[in-house]
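Heavy-atom basis, side chains included; hydrogens, waters and symmetry copies ignored. All figures in this text were calculated on a predicted structure; none of them were measured in a lab.
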Amino acid sequence: MAKRTKAAAITVNLLREGIIESVHHVQAVVCDSRGRVLSVAGDAEHPTFIRSALKPFQALPVTATGILERYQLSDRDLAIMCSSHAAEIIHTRQAFNILWRADIDPSALQCPIPAGKTSPLEHNCSGKHAGMLAVCKAQNWPLANYLDRHHPLQKMILSKFAEILKMPPDEFIGVHDDCGAPVYLMTISQMATLYAVLSSGASLDLERIVRAMTHHPEMIAGTGRFDTQLMQLTQGEVVSKAGAEGVQCIGKVGEGMGLTIKSNDGSKRAKFAVAIYLLQQMGWITPSVSEILTEQFLSIGTFARLEVTGELAMV
């Protein structure tokens, strides 16, 4: 008998003085590093774009080709390559450091200049783009079209994560993310599998990426942001990366298990609420960590709060 990959979705209610004002529906799945679905809420085969949760895997060419050693880059540089940063001074300086060490002018960055800002270094994806350019410089690949889906760098990124998922690269549908880089459609179980492998310790390249992210969580998001807070509080026990439109991916370091969450309506607050709820249920965070995160991310002002109902069903 085939294992089920569907179950009731999780519900997140916004309660205003105890009365439901808004409702979000959220899907979640836990997979192991072999791609087996362990538990699910909603549909494990729900397809969506992985968005910025792909960034640790977009950094694989950096660790795989010796770029860090060639340009004397640190784990802080690697962390900013995996980030969706808040454009704090530490973030823009770190992204610039990558370009400076690789002797690349910042004008080569093709991520947009955010509204009200003056430089593409202030875009939340500038670290990723700086890392991509550094790889291209070292490999003597053209810089001008590094975001083209058929560029050797982008082909390498696609082949790396396709290999992890044991799928032909051509089976993935690619589109442009908001920063201009290719991003791919995949099921939430595939995303969870990627994070299970990322956190398993089976690959030295991925292990270094995890170490950079968990040792320098301040680089991954920013002050008070979910990924940074979670990794600071768990001190290397989980690796976490948000994606836009309600995507959240988390791996249990050393255990080879990955969790992916997707808010059906793209809600950021709903995915964070479900992440805290499920992480405590699974024992990936302590009650004290849960309490801190709950206070920060489930309280919506003085009179409203988020309430999560539902559970992961074992398969």
So which heavy atom on [X] is nearest to which on [Y], and how close?
| X | Y | answer |
| --- | --- | --- |
| Asp75 | Ala212 | O-CB, 3.4 Å |
| Pro106 | Pro120 | O-CG, 4.2 Å |
| Ser263 | Val26 | OG-CG2, 4.0 Å |
| Val29 | Ile188 | CG1-O, 3.4 Å |
| Thr228 | Pro217 | OG1-O, 2.7 Å |
| Ile285 | Leu293 | CD1-CD1, 4.4 Å |

Can you measure from [atom1] ([X]) to [atom2] ([Y]) and round to the nearest 0.5 angstrom?
| X | Y | atom1 | atom2 | value |
| --- | --- | --- | --- | --- |
| Ser288 | Gln280 | OG | CD | 9.5 Å |
| Leu147 | His176 | CG | NE2 | 7.5 Å |
| Arg34 | Thr193 | CZ | OG1 | 11.5 Å |
| Leu38 | Asp32 | CG | CG | 5.0 Å |
| Leu109 | Met132 | CG | CE | 11.5 Å |
| Leu279 | Gln248 | CG | CD | 9.0 Å |

ILVMFWY network linking [X] to [Y], side-chain heavy atoms under 4.5 angstrom:
| X | Y | answer |
| --- | --- | --- |
| Met257 | Leu194 | no |
| Met81 | Trp100 | yes |
| Ile261 | Val37 | no |
| Leu206 | Met213 | yes |
| Tyr195 | Leu54 | yes |

Kindly state each residue pair satisfying salt bridge (charged side-chain N to carboxylate O under 4.0 Å, His left out) with at least one member in residues 213-232, sequence neighbours excluded.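 As it turns out, the salt bridge (charged side-chain N to carboxylate O under 4.0 Å, His left out) pairs with a partner in residues 213-232, which skip direct neighbours, are Arg76-Glu218.
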Starting from the C-alpha separation in whole Å, work towards a yes-or-no answer on side-chain contact (heavy atoms from CB on, under 4.5 Å) for Arg269 and Ser22. CA-CA 12 Å; Arg269 69 187 185 189; Ser22 298; 3.9 Å; yes
Counting heavy atoms not belonging to Ile113, are there more than 12 under 6.0 Å from its CD1?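 Yes, enclosed.
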Residues, nucleotides or ligands: over 12 heavy atoms within 6.0 Å of Gln72 CD: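 Counting other residues, nucleotides and ligands, CD of Gln72 stays at 12 neighbours or fewer.
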Looking only at the side chains, is there a donor atom on one of [X] and [Y] sitting less than 3.5 Å from an acceptor on the other?
| X | Y | result |
| --- | --- | --- |
| Ser199 | Glu255 | no |
| Gln229 | Gln296 | yes |
| Ser203 | Asp205 | no |
| Ser84 | Lys241 | yes |

Any side-chain heavy atom of [X] within less than 4.5 Å of one from [Y]?
| X | Y | answer |
| --- | --- | --- |
| Lys6 | Val40 | no |
| Ser126 | Thr92 | no |
| Ile300 | Leu306 | yes |
| Thr234 | Ile250 | no |
| Tyr71 | Leu68 | no |
| Ile50 | Gln190 | no |
| Met282 | Leu312 | yes |
| Leu230 | Val238 | yes |

All side-chain hydrogen bond (donor to acceptor under 3.5 Å, both in side chains) counterparts of [X], not counting sequence neighbours:
| X | value |
| --- | --- |
| Asp170 | none |
| Glu207 | none |
| Asp265 | His24 |
| Glu291 | none |

Steps toward side-chain contact (heavy atoms from CB on, under 4.5 Å) verdict (Asp178, Arg51): CA-CA 9 Å; Asp178 290 345; Arg51 302 299 298 272; 3.2 Å; yes
Sequence neighbours left out, what passes ring pair (Phe, Tyr, Trp, His ring centres under 6.0 Å) with [X]? Give chain and number order.
| X | result |
| --- | --- |
| Phe226 | Phe272, Phe297 |
| Tyr277 | none |
| His85 | His91 |

Between the main-chain N or O of [Y] and the side-chain N or O of [X], is there a donor-acceptor pair closer than 3.5 Å?
| X | Y | value |
| --- | --- | --- |
| Asp177 | Cys179 | no |
| Lys271 | Val247 | yes |
| Lys268 | Ala242 | no |

Quick test of your reading: applying side-chain hydrogen bond (donor to acceptor under 3.5 Å, both in side chains), list the pairs with at least one residue in residues 132-152, sequence neighbours left out, ordered by first then second residue. His129-Tyr146
Would you list the pairs meeting side-chain hydrogen bond (donor to acceptor under 3.5 Å, both in side chains) in which at least one residue belongs to residues 154-166, sequence neighbours left out?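 Those involving residues 154-166 do not exist here.
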Members other than Leu204 in its cluster, when Ile, Leu, Val, Met, Phe, Trp, Tyr link by side-chain heavy atoms under 4.5 Å?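 Hydrophobic cluster check, Leu204: no partners found.
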For Val23, the rest of its hydrophobic cluster, which grows through side-chain links under 4.5 angstrom: Leu15, Ile20
For a side-chain contact (heavy atoms from CB on, under 4.5 Å) check, start with the C-alpha distance between Glu45 and Ser189, then their side-chain angles and the critical distance, and finish with the verdict. CA-CA 6 Å; Glu45 303 309 310; Ser189 63; 3.2 Å; yes
Begin with the C-alpha distance, continue with both residues' side-chain angles, and end with the deciding distance and a verdict on side-chain hydrogen bond (donor to acceptor under 3.5 Å, both in side chains) for Asn264 and Gln27. CA-CA 7 Å; Asn264 289 355; Gln27 306 188 69; 3.1 Å; yes
Show your working on side-chain hydrogen bond (donor to acceptor under 3.5 Å, both in side chains) between Glu245 and Thr48 and close with a plain yes or no. CA-CA 9 Å; Glu245 293 303 315; Thr48 192; over 6 Å; no
Run Trp284 and Glu237 through side-chain contact (heavy atoms from CB on, under 4.5 Å) and show every step you take. CA-CA 8 Å; Trp284 290 16; Glu237 293 186 3; over 6 Å; no
